[in-house]
Student: 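For reference, the structure I am asking about is given below.
Convention: sequence-line order gives letters A, B, ...; per-chain numbering from 1.
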Protein chains: 2
Amino acid sequence: MARADEEPDFDDITAAAARLAGHAARTPLISNPILDELTGARVLLKCESLQRTGSFKFRGAYNAVSQLDPSERARGIVAVSSGNHAQGVAEAARLFGAPATIVMPADAPAIKRQRTERSGARIVAYDRAKDDRDAIAAQIMAESGAVLVHPFNDRNVIAGQGTIGLEIAEELRDRGIDPDAVFIPCGGGGLSAGVGLALRTIYPAIAVNLAEPEGFDDYRRSLESGRIVANQATSGSVMDALLSVAPGPIGYAINRRNAAAAVTVSDAESLRAVAFAFRELKLLVEPGGAAGLAAVLSQETGLRGRTVLVVLSGGNVDEATLQKALDSG
Amino acid sequence: MARADEEPDFDDITAAAARLAGHAARTPLISNPILDELTGARVLLKCESLQRTGSFKFRGAYNAVSQLDPSERARGIVAVSSGNHAQGVAEAARLFGAPATIVMPADAPAIKRQRTERSGARIVAYDRAKDDRDAIAAQIMAESGAVLVHPFNDRNVIAGQGTIGLEIAEELRDRGIDPDAVFIPCGGGGLSAGVGLALRTIYPAIAVNLAEPEGFDDYRRSLESGRIVANQATSGSVMDALLSVAPGPIGYAINRRNAAAAVTVSDAESLRAVAFAFRELKLLVEPGGAAGLAAVLSQETGLRGRTVLVVLSGGNVDEATLQKALDSG
């Protein structure tokens with residue numbers, strides 16, 4: 001079997017799609033006339049907010065857990081996550097009958113914690129500023145023999161996220177559409193690596209754009225400098241789902257070949273996109289999940305006349321955060 | 001040309017689908033594992049909340065306006081509506097370059113009024129308790145020569161709503177699924193007549209269920225008594241989109257042949273369904289639009305093992321109403 005620390009290829013993504021069939025939702029690709037009018041583009045939104053567990057993370061988690069031996073699964077699954085990967089892993093583990101332990105920051109949104117617990121996972125909370133989450137996970141693994149599913153630096157996880165790109169391409173083919181660009185929310189880079197790999201294989205000329213939070217532009221700086229660099233801050237953005245420390249090496253190698261640019265999104269732009277999704281699209285999207293939409297909404301020029309894909313990557317927004325977005329104008 | 005006060009047939013629905021192509025959204029048909037687990041059924045949700053203008057009403061309005069002569073359209077379109085039909089007619093009129101005047105109750109949700117104005121329509125407000133809205137509309141028509149587009153008692157409007165049933169059937173065919181039942185929000189009965197006609201033509205054995213508000217069960221009583229009877233109340237339900245006075249004769253004739261039952265939904269059940277859609281589906285659905293989902297969620301038995309369609313008919317929910325739903329538990 002291929003090792004988890006190797007790069008996935010296109011065949012890994014098609015294999016993941018076969019495994020996910022009937023378990024992950026085939027999420028809709030929708031458009032909206034107001035959005036097209038505002039941007040001057042033909043925008044197609046891939047609604048991973050409507051995915052099982054409310055985010056794309058279920059895809060990669062399910063694909064990774066499915067690749068473990070039954071004896072490995074029986075010892076349990078461990079994940080370190082601010083919330084969406086936690087839910088994805090917890091639900092994937094539940095479907096395979098495997099125990100799951102999630103190491104989660106104490107300040108993770110309550111909704112994400114509750115959903116993780118609902119899937120039967122045990123939660124171990126840590127302090128983002130003080131504790132070493134990796135050490136906590138390592139200890140759990142040492143004690144139980146459980147296997148870690150990394151949120152992004154894992155071949156099978158990236159291949160699972162890549163199935164989003166396959167589904168988009170299948171739908172575009174049926175509708176006779178060729179895309180010019182795609183905007184993908186980016187934390188550790190697993191989603192963008194998988195989707196970018198799938199889409200660039202099928203559409204070699206597509207411009208793959210990563211959307212990351214202001215103050216957490218490790219991907220932009222890494223792509224520009226040609227080597228992986230980390231963020232200084234570990235918290236302080238409304239886009240809680242995108243606050244990884246640095247690009248994962250596997251995804252970075254892929255994104256370095258495929259990404260056209262990394263675009264930075266401010267908290268205000270993200271919240272405006274959440275409010276736009278609420279008012280105009282009738283969709284709940286969380287701030288991190290709206291980063292790609294925010295990038296498209298703030299690019300007033302450059303997209304006119306283009307066919308632009310946007311991944312809405314998650315919908316697990318707290319009521320308080322939603323209110324903040326709606327109050328922001 | 002066929003008269004607007006005649007019954008549509010299946011061919012009228014397929015003709016409407018051709019006219020709507022490229023103008024109305026092909027809305028997604030989604031499922032959710034939590035919903036399936038709660039109901040024991042395989043539930044497929046047709047998301048008309050994601051339709052242009054935020055509700056299914058655009059379909060019927062566009063089809064009706066498209067059937068007018070250019071000279072008729074130039075004199076203008078009039079509609080009487082609590083909000084969703086207003087937005088549908090205003091947007092359809094805008095797309096055809098026709099002036100629109102909407103006669104709207106003064107207590108209509110603010111969001112619906114704003115969206116109607118955004119499409120360029122003129123609004124004439126009336127008092128639900130005191131004013132005769134039909135007289136107001138008649139006066140506008142007499143003065144301007146404008147044409148009325150009725151919210152439900154119109155052949156072309158019903159045929160337009162029926163395109164929802166066609167889209168569902170096309171998707172089910174691609175996926176190899178046969179439905180057992182459908183739940184459709186019901187006010188004047190135009191949506192249920194159109195969708196019911198389309199689905200019963202394709203699936204003669206499907207059980208068509210109308211979901212209407214408690215205290216506004218004119219359809220149930222009309223179906224049971226074999227003649228059209230009206231509601232006593234004119235306001236007082238949270239499901240503002242479903243408060244028509246009595247079944248429209250055209251839709252009633254169709255529903256009488258096709259409907260298995262009319263199910264009554266309480267305000268509490270409707271709000272619970274709105275909260276469920278928000279928390280679990282990540283979709284904004286308005287109380288009236290959630291009536292079918294509410295019926296399915298409250299039917300704890302009877303659907304187990306069945307394949308059940310639900311039309312989520314609109315997403316234009318005010319923030320205050322959404323908060324009320326979320327606070328209700």
Side-chain angles (χ1 to χ4, degrees), chain A residues 21-37 42 44-55 58 91 94-95 111 114-115 118-119 170-171 174-175 274-275 277-286 289 312-320 322-323 325-327, chain B residues 21-37 42 44-55 58 91 94-95 111 114-115 118-119 170-171 174-175 274-275 277-286 289 312-320 322-323 325-327:
Chain A
H23 301 289
R26 235 186 128 78
T27 53
L29 187 70
I30 68 166
S31 60
N32 177 271
I34 307 284
L35 181 56
D36 286 357
E37 201 170 297
R42 175 190 210 170
L44 296 158
L45 304 162
K46 179 66 169 170
C47 300
E48 282 296 298
S49 51
L50 305 180
Q51 184 53 265
R52 189 167 198 155
T53 73
S55 93
F58 175 75
E91 182 68 358
R94 185 182 74 81
L95 293 172
I111 187 175
Q114 289 158 7
R115 300 307 164 96
R118 188 170 67 174
S119 287
E170 285 166 13
E171 181 138 356
D174 289 349
R175 293 162 64 179
V274 170
F278 180 98
R279 297 203 173 103
E280 301 297 342
L281 309 176
K282 312 300 175 190
L283 290 174
L284 288 172
V285 185
E286 61 184 282
L312 297 177
S313 56
N316 293 315
V317 59
D318 260 326
E319 286 174 35
L322 176 64
Q323 195 60 57
L326 296 175
D327 291 345
Chain B
H23 301 289
R26 232 186 131 77
T27 54
L29 187 69
I30 68 167
S31 60
N32 177 271
I34 307 284
L35 181 56
D36 286 357
E37 202 170 297
R42 176 190 211 169
L44 296 156
L45 303 162
K46 179 67 168 169
C47 301
E48 282 296 298
S49 51
L50 304 180
Q51 184 53 264
R52 189 169 197 152
T53 73
S55 93
F58 175 76
E91 183 68 359
R94 184 181 75 80
L95 292 172
I111 187 175
Q114 289 158 7
R115 300 307 164 97
R118 188 170 70 175
S119 288
E170 284 167 13
E171 181 139 356
D174 289 350
R175 295 162 64 180
V274 170
F278 180 97
R279 296 203 174 103
E280 302 296 342
L281 309 176
K282 312 300 176 189
L283 291 174
L284 288 172
V285 185
E286 61 183 281
L312 297 177
S313 57
N316 293 315
V317 59
D318 259 324
E319 286 175 35
L322 176 63
Q323 195 59 57
L326 296 176
D327 292 344

Student: Heavy-atom pairs under 4.5 Å with chain B: which of A:Ile34, A:Leu284, A:Asn32 has the most?
Tutor: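 Winner by heavy-atom pair count: A:Leu284.
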Student: Using a 4.5 angstrom heavy-atom cutoff, name the option from B:Leu322, B:Val317, B:Leu29, B:Leu283 with the most pairs to chain A.
Tutor: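 Among B:Leu322, B:Val317, B:Leu29, B:Leu283, the one with the most close pairs to chain A is B:Leu283.
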Student: Below 4.5 Å from any heavy atom of chain A, which atoms of B:Gln323 appear? Answer side chain, backbone, both or neither.
Tutor: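 Looking at B:Gln323, just its side chain touches chain A.
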Student: Please identify, among A:Arg26, A:Glu286, A:Glu91, A:Arg115, the residue contributing the most non-hydrogen atom pairs under 4.5 Å to chain B.
Tutor: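 Greatest number of close heavy-atom pairs with chain B: A:Arg115.
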Student: Using 4.0 Å as the upper bound for N to carboxylate O, is an ion pair formed by A:Arg118 and B:Glu280?
Tutor: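 Result for this pair is yes, salt bridge flagged.
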Student: Picking from A:Thr27, A:Ile30, A:Leu50, which has the most non-hydrogen pairs under 4.5 angstrom with chain B?
Tutor: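 Of the options given, most contacts go to A:Leu50.
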Student: Among A:Ser31, A:Ser49, A:Pro33, which residue forms the greatest number of heavy-atom pairs with chain B at distances under 4.5 Å?
Tutor: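 Among A:Ser31, A:Ser49, A:Pro33, the one with the most close pairs to chain B is A:Pro33.
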Student: Specify which of B:Gln51, B:Lys282, B:Arg52 makes the most heavy-atom pairs with chain A at under 4.5 Å.
Tutor: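 Going by pairs under 4.5 Å, I would pick B:Lys282.
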Student: Please identify, among B:Val285, B:Asn316, B:Leu281, the residue contributing the most non-hydrogen atom pairs under 4.5 Å to chain A.
Tutor: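 Max contact count across the listed options: B:Asn316.
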Student: Salt bridge check: are B:Glu319 and A:Arg279 linked by an N-O gap of less than 4.0 Å?
Tutor: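 Yes.
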